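Below: the structure, in structure tokens.
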Amino acid sequence: MANIPEADNFIEEFIVEDLQNGKHDGRIHTRFPPEPNGYLHIGHAKAIVINFEIGKKFGGRTNLRMDDTNPTTEETHFVTNIENDIKWLGYEWHGDTVYASDYFGELYALALKLIDKGLAFVDDSTVEEIAEQKGDIDEPGTNSPFRDRSIAENRDLFERMKAGEFADGSKVLRAKIDMAHPNLLLRDPVLYRIKHETHHRTGDDWCIYPLYDFAHGQSDSIEKITHSLCSLEFRHHRDLYNWLIEALEIFPSRQIEFARMNVDYLITSKRRLKKLVEEGVVTGWDDPRMGTLAGMRRKGYPAEALRNFCMRTGVTKRDNQQEFDFLEHCVREVLNTSSDRFMAVLNPVKLVITNYPEGETEIFTTDNNPEDPSRGSREIPFSREIWVEREDFRKEPQNRKYFRLAPGKDVRLKSAYIIHVEGHEEDADGNVTQINASYYPESRSGNDTSGIKAKGTIHWVAVGEGLDIEVRQYDKLFSDPTPMDHEDEGKDFMDFINPESLKVLSAKGEPALATTKAGDTFQLLRKGYYTVDEDSTSDKVVLNLTCGLKSSWKG
RNA sequence: AGACCCAUGGUGUAAUUGGCAACACAUCAGAUUUUGGUUCUGUCGUUCAAGGUUCGAGUCCUUGUGGGUCUACCA
């Protein structure tokens, strides 16, 4: 085997080992097997990245397989969404999307084979009876009274199950293993159930459907998947997975489990995500506050940042809780170099430059991205009256390290002049209604001969030239990093909804913002990274806060 | 309680497989800066416990302790 890459984690160590042993002629084939009954979230992203990156790294392939063995919950429109999310994340699967339901015929044949080997039987027990037979973690189970039916009878019954002769729930096919096995999953697990329901792909062709344990592993084998990577909670299933490989004499895919990724403030439970949508806490599955891929995409997270995040957080078998700061670090890292800058004033207050000629305007030039001169520059209009950020003004500076607007302070207007604050006007309640300042004509940006050094620089937008924009200022959806970990206190995750997770602002943006389109991400100078929302119209630009800027200001 | 899995700074992950515990994020401090951003420098702090093997243990053994998973005709 030439040039086997170096392993970066324990899964890759197994793979390298298999490669060195010449297993499967050096072929590597992984798969991502979502159930098409919901939307993909950050946890799925981790699994996608692991599977596809391993495929890439070892010159292998990765299948996309819909694990659609339950006709009651699965829908076609989820399939499309899943495909789109994976493509957006930047991955291309091998061939067409495949489906566990493609294999229903083969799976049925395998079931017959198991029956013929005397390793499966048709059970007439009810759900409750089967649960009772199961025993307990420290009590061995008991055999079903139907366990000793003859092979011929089992075969006949199973064929008639398929033919639709029996009602839902009246019979199941069970593996015949060991009702005293310490692993409860091997206590004669149910393999097939009767469901007279229409399947999203096979329609009414079938009324019996295999369960996970008799579909997933077998699909792996049919596709000759070499390494079947899944999360830790499937550890116990591996014993059954391997038992079936041996009993069925099928291709021996190797299951390896890794710890799923948890991220502070993000929820990855389908049930809970659904509740947030249904109760109107968020606007939908793609709400930017959701940990879904659709939500994070709408929020403006670059796919590259998500991929980096998933790769850098590593692969182990330990429970882990990733800090939100690290996710945002990955987002900012990509955006800092990739996004252009604009100016917008989120909470505007008027500033009048008293010694600037009335009616006069100037056009200044400013860099689109100081990190990357090749991205060029753009023009911004300047006038006597400008909007500035209300929080950039203090009636009196609170300490010597305050560099922004306050009486007597000199401050640079980004890419324009340095101004000197003369005073302000306020209403009866003490709210500032206007700031007055003078400017230094010789401090013009680019050829500043004033000799004045302003410690602070602020952004601004010319009054009259400013664009009215809507800014959706998103914050964390929860007030607690692990909202579902408080059951011992009698609280559930809904008790930790952050009431301030969204503030809608009416802001003033520079004219060039009109040229942006839905999905564009850029930095609003000094404020953060923002992405144009799909709700934007030609009349009104709508921006989502993607991620704030870091700040070392302690005021 | 039984089986299985896991345990390294605040968080996450490394450690040439028994040889000076490191990297990233976070923290704090400083430098640079026409973004209090970026960049740069420095700072803080780590092997769950007790025994054992060994010249030498994060790594191997034993016993604890702590955490997780499993008793769906869901996946």
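Quantities reported herein were computed from a predicted structural model and do not represent experimental measurements. Just the heavy atoms: all of them, side chains too, but no hydrogens, waters or symmetry mates, feed the values below. Letters A, B, ... are given to chains in the order of the sequence lines, protein chains preceding strands, and every chain is numbered from 1.
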Is it true that the side chains of [X] and [Y] contain a donor and an acceptor less than 3.5 Å apart?
X	Y	result
A/Asn320	A/Gln322	yes
A/Thr482	A/Gln321	no
A/Arg260	A/Thr268	yes
A/Glu371	A/Asn369	no

At under 4.0 Å between heavy atoms, what does [X] touch on the DNA or RNA strands: base, sugar-phosphate, or nothing?
X	result
A/Phe234	base
A/Thr366	nothing
A/Arg187	nothing
A/Tyr402	base

(message) If the condition is side-chain hydrogen bond (donor to acceptor under 3.5 Å, both in side chains), which residues does A/Glu379 pass it with, not counting sequence neighbours?
(response)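 Partners of A/Glu379 by the side-chain hydrogen bond (donor to acceptor under 3.5 Å, both in side chains) criterion come out as none, since no residue qualifies.
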Using atom [atom1] of [X] as one end and atom [atom2] of [N] as the other, report the distance to the nearest whole Å.
X	N	atom1	atom2	answer
A/Glu6	B/rA15	CD	C1'	13 Å
A/Arg404	B/rG36	CZ	C1'	7 Å
A/Asn320	B/rA14	CG	P	11 Å
A/Glu197	B/rC74	CD	P	10 Å

(request) Using only side-chain N and O atoms of A/Arg193, determine if any of them is under 4.0 Å from OP1 or OP2 of B/rA75. (result)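 Yes.
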(request) Take A/Thr69 and A/Ser551, find for each the nucleotide of RNA chain B with the closest heavy atom, and name the residue whose nucleotide sits nearer the 5' end. (result)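 In this pair, the answer is A/Ser551.
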(request) Could you check A/Ile137 against A/Gly169 and say which one's nearest nucleotide on RNA chain B is further toward the 5' end? (result)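 Closer to the 5' end of RNA chain B: A/Ile137.
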If you measure from the [atom1] atom in [N] to the same atom in [M], how many Å do you get, rounded?
N	M	atom1	value
B/rU8	B/rG67	P	14 Å
B/rA57	B/rU69	C1'	30 Å
B/rU16	B/rC60	P	12 Å
B/rA26	B/rU43	C1'	13 Å
B/rC25	B/rC40	P	9 Å
B/rU54	B/rA75	C1'	49 Å
B/rA7	B/rA50	C1'	16 Å
B/rC5	B/rA24	P	34 Å

(message) What's the separation between atom CZ in A/Arg307 and atom SG in A/Cys330, rounded to the nearest 0.5 Å?
(response)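 Between A/Arg307 CZ and A/Cys330 SG, I get 12.0 Å after rounding to 0.5 Å.
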(request) Nearest 0.5 Å please: distance from the CD1 atom of A/Ile208 over to the NZ atom of A/Lys195. (result)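 The distance works out to 13.5 Å.
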Which parts of [range] get close to RNA chain B, meaning a heavy atom less than 4.0 angstrom away?
range	answer
residues 409-421 of chain A	A/Arg412, A/Lys414, A/Ser415
residues 445-462 of chain A	A/Ser445, A/Gly446, A/Thr457
residues 30-38 of chain A	A/Glu35
residues 334-342 of chain A	A/Asn336, A/Arg341

When you get a sec, tell me which of [options] is the closest nucleotide to the side chain of [X]?
X	options	result
A/Thr313	B/rU17, B/rG12, B/rU35	B/rG12
A/Phe403	B/rU38, B/rG36, B/rG2	B/rG36
A/Gln523	B/rC73, B/rG12, B/rU35	B/rU35

(request) Apply ring-ring contact (aromatic ring centres under 6.0 Å, His included) to A/Trp243 and list each qualifying residue two or more places apart in sequence or on a separate chain. (result)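 Listed in chain order: nothing, the list is empty.
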(request) Using the ring of A/Tyr99 (Phe, Tyr or Trp, six-membered ring only), decide whether A/Arg201 places NZ or CZ under 6.0 Å from its centre and within 45 degrees of its axis. (result)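 Judged by the rule, A/Arg201 and A/Tyr99 form a cation-pi pair.
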Please write out the pairs of protein N or O atoms and N or O atoms of nucleotides 21-30 of chain B separated by less than 3.5 Å, giving the distance to one decimal.
| from | atom 1 | to | atom 2 | distance (Å) |
| --- | --- | --- | --- | --- |
| B/rA26 | OP1 | A/Lys550 | NZ | 3.3 |

(request) Would you write the dot-bracket representation of RNA chain B, where each base gets (, ), [, ], | or . depending on whether it forms a Watson-Crick or G-U pair under 3.5 Å and with which partner? (result) .((((((..((((.....[..))))..((((.......)))).....(((((..]....))))))))))).....
(request) Report yes if a donor N or O on one partner sits less than 3.5 Å from an acceptor N or O on the other, where the partners are the side chain of A/Glu371 and the base of B/rG37; otherwise report no. (result)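 Answer yes: a donor N or O sits under 3.5 Å from an acceptor.
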(request) Output all residues satisfying salt bridge (charged side-chain N to carboxylate O under 4.0 Å, His left out) with A/Asp340, sequence neighbours left out; order by chain, then residue number. (result)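 Salt bridge (charged side-chain N to carboxylate O under 4.0 Å, His left out) check on A/Asp340 returns A/Arg375.
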(request) Return each pair, listed once, that meets side-chain hydrogen bond (donor to acceptor under 3.5 Å, both in side chains) where at least one residue sits in residues 545-555 of chain A; pairs must be two or more places apart or across chains. (result)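 For residues 545-555 of chain A: A/Thr531-A/Thr546.
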(message) What verdict does the side-chain hydrogen bond (donor to acceptor under 3.5 Å, both in side chains) test give for A/Gln133 and A/Arg174, after you've listed the backbone C-alpha separation in whole Å, the side-chain angles of each residue and the deciding distance to 0.1 Å?
(response) CA-CA 13 Å; A/Gln133 292 159 19; A/Arg174 286 227 257 173; 2.3 Å; yes
For nucleotides 3-7 of chain B, which of its nitrogen or oxygen atoms have a protein nitrogen or oxygen under 3.5 Å away, and what is each distance?
| from | atom 1 | to | atom 2 | distance (Å) |
| --- | --- | --- | --- | --- |
| B/rC4 | O2' | A/Arg235 | NE | 3.3 |

Would you tabulate the nitrogen or oxygen pairs shorter than 3.5 Å linking the protein to nucleotides 57-61 of chain B?
none

(request) Would you sort out whether A/His216 and A/Phe234 count as a ring-ring contact (aromatic ring centres under 6.0 Å, His included), showing the intermediate values? (result) CA-CA 11 Å; A/His216 184 90; A/Phe234 290 96; 7.2 Å; no
